[in-house]
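So you know, we letter chains A, B, ... as the sequences are listed, proteins then strands, and number each from 1. Side chains are part of it too, since the values below use all heavy atoms of this structure and drop only hydrogens, waters and symmetry mates.
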Amino acid sequence: MPRSDEAEWWFNAVYAAVQEIPRGKVTSYGHIARLLGQPQRPRQVGVCLKHLPSNEPGTSHYYHSDNVPWQRVLNAKGMISHRGPGSAARQAAALRREGVRVDTDAMGEMYVDLARYGWFPDRLPSEEGLTEEDSEDEDGEGEGESESESERVGG
DNA sequence: AGATTGACTCTTA
DNA sequence: GTAAGAGCCAATC
């Protein structure tokens, strides 16, 4: 839980941005920071995700691990950093569940091929095409996604 | 209240 | 190619 309103804005902005990562795609902490106009703070993106609450019953958080695809955020090299035993495997499993291939390198580190799964747009889709006239205005979002992935590996 | 940590990344050497 | 330093700042000790 953020200690200040400014921090709370940041938390919400990060969660909202992460929600825009398409299913089956991944991006980096640094890119989320850039999309939010704070290219110097990839770390704080990680801080936000660390504090992303679970969907445990009894809690009623607007953002939680079930509606924020935290697993789609990797480091700049496309590698899953381990922040605890089993956490990296958990993220890898979540990614594979949505069709993302996760490999392991020679050093035992798990990674995703960014050339294939990377999602690095210039700006957030929600901001796409809007001018400075329209400012930030969040409205309710609809859940429920039906996807039809057709994986094809381009040589 | 001060020091350290950490879901990061970039620049230098 | 690897290693170290800087920047960032909320959370934690």
Side-chain angles (χ1 to χ4, degrees), chain A residues 1-128 132 135-138 141 143-145 147 149 151:
Chain A
M1 201 166 168
R3 315 274 277 154
S4 70
D5 293 338
E6 214 168 321
E8 187 175 329
W9 170 87
W10 174 255
F11 271 65
N12 289 331
V14 168
Y15 294 149
V18 171
Q19 282 184 326
E20 300 200 43
I21 307 172
R23 187 183 178 81
K25 294 288 183 179
V26 299
T27 192
S28 70
Y29 300 96
H31 194 74
I32 292 295
R34 263 183 300 235
L35 288 173
L36 296 177
Q38 297 294 333
Q40 315 182 158
R41 299 196 268 182
R43 274 203 137 171
Q44 272 53 262
V45 173
V47 170
C48 295
L49 292 182
K50 176 163 83 174
H51 289 271
L52 179 65
S54 312
N55 64 334
E56 298 174 23
T59 64
S60 58
H61 293 104
Y62 188 84
Y63 294 109
H64 51 78
S65 55
D66 258 17
N67 63 14
V68 177
W70 53 271
Q71 72 274 18
R72 296 175 197 158
V73 186
L74 312 172
N75 72 19
K77 290 180 276 197
M79 302 201 294
I80 301 175
S81 354
H82 14 222
R83 55 268 186 197
S87 57
R90 210 167 49 97
Q91 182 167 3
L95 283 172
R96 289 197 253 248
R97 213 167 293 139
E98 54 187 68
V100 175
R101 194 180 73 182
V102 181
D103 294 312
T104 304
D105 68 9
M107 303 177 45
E109 305 282 351
M110 291 189 288
Y111 69 96
V112 171
D113 181 7
L114 293 182
R116 182 175 166 184
Y117 299 104
W119 181 78
F120 301 99
D122 215 16
R123 47 186 16 140
L124 288 168
S126 62
E127 301 178 322
E128 193 58 59
E132 56 193 82
S135 58
E136 66 278 22
D137 180 48
E138 305 295 333
E141 72 297 322
E143 285 300 318
E145 43 198 352
E147 69 292 334
E149 28 289 58
E151 298 297 331

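- Atom pair A:Lys77:NZ and B:dC10:P shows a separation of 10 Å (rounding to whole Å applied).
- No side-chain donor-acceptor contact under 3.5 Å links A:His31 to the backbone of A:Pro42.
- Distances were taken from every side-chain heavy atom of A:His51 (C-beta onward) to each of C:dT12, B:dT9, B:dA7; the shortest belongs to C:dT12.
- Side-chain polar atoms of A:Arg72 and A:Gln19 form no donor-acceptor pair below 3.5 angstrom.
- In this structure, A:Leu52 places its CG atom 15 Å from P of B:dA7, rounding to the nearest Å.
- Look at A:Ser81 and you'll find a side-chain N or O under 4.0 angstrom from OP1 or OP2 of B:dC8.
- Here A:Glu56 contributes atom CD and A:Asp66 contributes atom CG; the two are 10.5 Å apart, rounded to the nearest 0.5 Å.
- Contact between the side-chain N/O atoms of A:Gln40 and the OP1/OP2 oxygens of C:dG7 is not found at any separation under 4.0 Å.
- The number of heavy-atom neighbours closer than 6.0 Å to CG of A:Asp122, taken from other residues, nucleotides and ligands shown, is 12 or below.
- Rounded to whole angstrom, the span from the CG atom of A:Leu36 across to the C1' atom of C:dC8 amounts to 15 Å.
- Separating the CG atom of A:Asn75 from the P atom of B:dA7 is a distance of 12 Å, rounded to the nearest angstrom.
- When each of A:Leu74 and A:Val47 is assigned the nucleotide of DNA chain B bearing its nearest heavy atom, the one mapping closer to the 5' terminus is A:Val47.
- C:dT2 and B:dA7 are spaced 22 Å apart, taking the P atom of each and rounding to whole Å.
- Distance from the side chain of A:Pro42 is smallest to B:dC8 among B:dC8, C:dA10, C:dC9.
- Between the P atom of C:dA10 and the NZ atom of A:Lys50 lies a distance of 13 Å, rounded to the nearest Å.
- Atom CD1 in A:Ile32 sits roughly 17 Å away from atom C1' in C:dC8 (whole-Å rounding).
- Using atom P as the reference point in both C:dA10 and B:dA1, the two lie 16 Å apart (nearest Å).
- Counting any heavy atom pair closer than 4.0 Å across all strands shown, A:Trp10 reaches no nucleic acid atom.
- Residue contacts shown for A:Arg34 are limited to sugar-phosphate atoms, with no base heavy atom under 4.0 Å away.
- Mapping A:Gln38 and A:Met107 onto DNA chain C via the closest heavy atom, the residue that lands nearer the 5' end is A:Met107.
- Here C:dA10 presents its C1' atom at 14 Å from CG of A:Leu49, a figure rounded to the nearest Å.
- Side-chain nitrogen and oxygen atoms of A:Arg41 include at least one within less than 4.0 Å of the OP1 or OP2 phosphate oxygen of C:dC9.
- In summary, the side chains of A:Thr104 and A:Glu109 do not present any donor paired with an acceptor at a separation below 3.5 Å, with no hydrogens or angles considered.
- The ring-ring contact (aromatic ring centres under 6.0 Å, His included) test with A:Tyr15 singles out one residue from A:Tyr63, A:Trp9, A:Tyr62, A:Trp70, and that residue is A:Tyr63.
- When the side-chain nitrogen and oxygen atoms of A:Ser28 are compared with OP1 and OP2 of B:dT9, one or more of them lie within a distance under 4.0 Å.
- Distances from the side chain of A:Trp70 to the nucleotides C:dA11, B:dT9, B:dA7 place B:dA7 closest.
- If you measure from atom CD of A:Gln44 to atom P of B:dG6, you get 14 Å, rounded to the nearest angstrom.
- Contacts of A:Arg83 with the nucleic acid, taken as non-hydrogen atoms under 4.0 Å apart, include base atoms.
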